[in-house]
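Data block below; observations after.
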Amino acid sequence: MVRNMDEKKLRELLLERLHLEIQLFKDLMLHKEKEDIYSASYRIEVYVNLYEILVVRTERIGELLLRRLLYQQTGILDVFYEEWLGREDSFYMELRDHVEDMLDVISASRTDKGKEDDDGEEQNKAA
């Protein structure tokens, strides 16, 4: 029974479970149609990242948390993924800020030849 196992064995079991979960997830994805795989690309990326993070983090997880994770009735990766979806993602805001910064840089570096207004219209020059 899991209750009599030491922390090292619990860690090994958790790593095995995580490995099994990611392999089953990959198998599930590979049996889908191309369009379905493409539409699940964000989910795939998050699952792989969650797996990698948890594998590295497992070395620092205490016995109580190891047991809680192992006794979960649902997939560990599933739980973390579902919780992640409920969080506000800062990716879009960071990308938007990057685009705005780049537009400012491009705007500031333009030469006198063919200068454009901020709306993209080329300025009329008197001959």
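Keep in mind that what you see is a predicted model, and the values were worked out from it rather than measured. Count residues from 1 along the sequence.
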Enter the distance from [X]:[atom1] to [Y]:[atom2] here, rounded to the nearest 0.5 Å.
| X | Y | atom1 | atom2 | value |
| --- | --- | --- | --- | --- |
| Lys9 | Glu16 | NZ | CD | 5.5 Å |
| His98 | Leu103 | NE2 | CG | 9.5 Å |
| Ile106 | Asp101 | CD1 | CG | 11.0 Å |
| Arg67 | Leu14 | CZ | CG | 12.5 Å |
| Leu66 | Lys8 | CG | NZ | 14.0 Å |
| Ile22 | Glu52 | CD1 | CD | 8.5 Å |

Who passes side-chain contact (heavy atoms from CB on, under 4.5 Å) against [X], sequence neighbours left out?
| X | result |
| --- | --- |
| Arg60 | Arg57 |
| Glu33 | Glu35, Asp36 |
| Leu20 | Leu24 |
| Glu100 | Arg96, Asp97 |

Treat each ILVMFWY residue as a node, draw an edge where side-chain heavy atoms are under 4.5 Å apart, and state whether [X] and [Y] are in one component.
| X | Y | answer |
| --- | --- | --- |
| Ile53 | Leu85 | no |
| Ile37 | Tyr42 | yes |
| Val55 | Leu13 | yes |
| Leu28 | Ile44 | yes |
| Trp84 | Val56 | no |

Open item on the list: With heavy-atom distances below 4.5 Å as the criterion, would you say the side chains of Tyr81 and Arg43 are in contact?
Closed with: yes
- [ ] Side-chain contact test, heavy atoms from C-beta onward, threshold under 4.5 Å: evaluate it for Leu15 versus Glu12 and give yes or no.
- [x]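 SC-SC contact between Leu15 and Glu12 ruled out.
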[X] to [Y] - nearest heavy-atom pair and separation:
| X | Y | value |
| --- | --- | --- |
| Thr58 | Arg11 | O-NE, 2.9 Å |
| Glu7 | Ile61 | OE2-O, 3.9 Å |
| Met29 | Ala40 | SD-CB, 3.9 Å |
| Arg17 | Tyr71 | NH1-N, 4.3 Å |

Task: Enclosure of Phe80 CZ (heavy-atom neighbours >12, cutoff 6.0 Å) - done: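 Atom CZ in Phe80 is not packed in, count stays at 12 or less.
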Open item on the list: According to side-chain hydrogen bond (donor to acceptor under 3.5 Å, both in side chains), who are the partners of Tyr38, at least two apart in sequence or on a separate chain?
Closed with: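 For Tyr38, no residue satisfies side-chain hydrogen bond (donor to acceptor under 3.5 Å, both in side chains) once neighbours in sequence are set aside.
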Task: Residue pairs involving residues 9-35 (criterion ring-ring contact (aromatic ring centres under 6.0 Å, His included); sequence neighbours excluded) - done: Phe25-Tyr47
Open item on the list: Could you go through Leu54 and Leu77, starting from their C-alpha distance and side-chain angles, then the distance that decides it, and tell me whether this counts as side-chain contact (heavy atoms from CB on, under 4.5 Å)?
Closed with: CA-CA 9 Å; Leu54 286 166; Leu77 297 175; 3.9 Å; yes
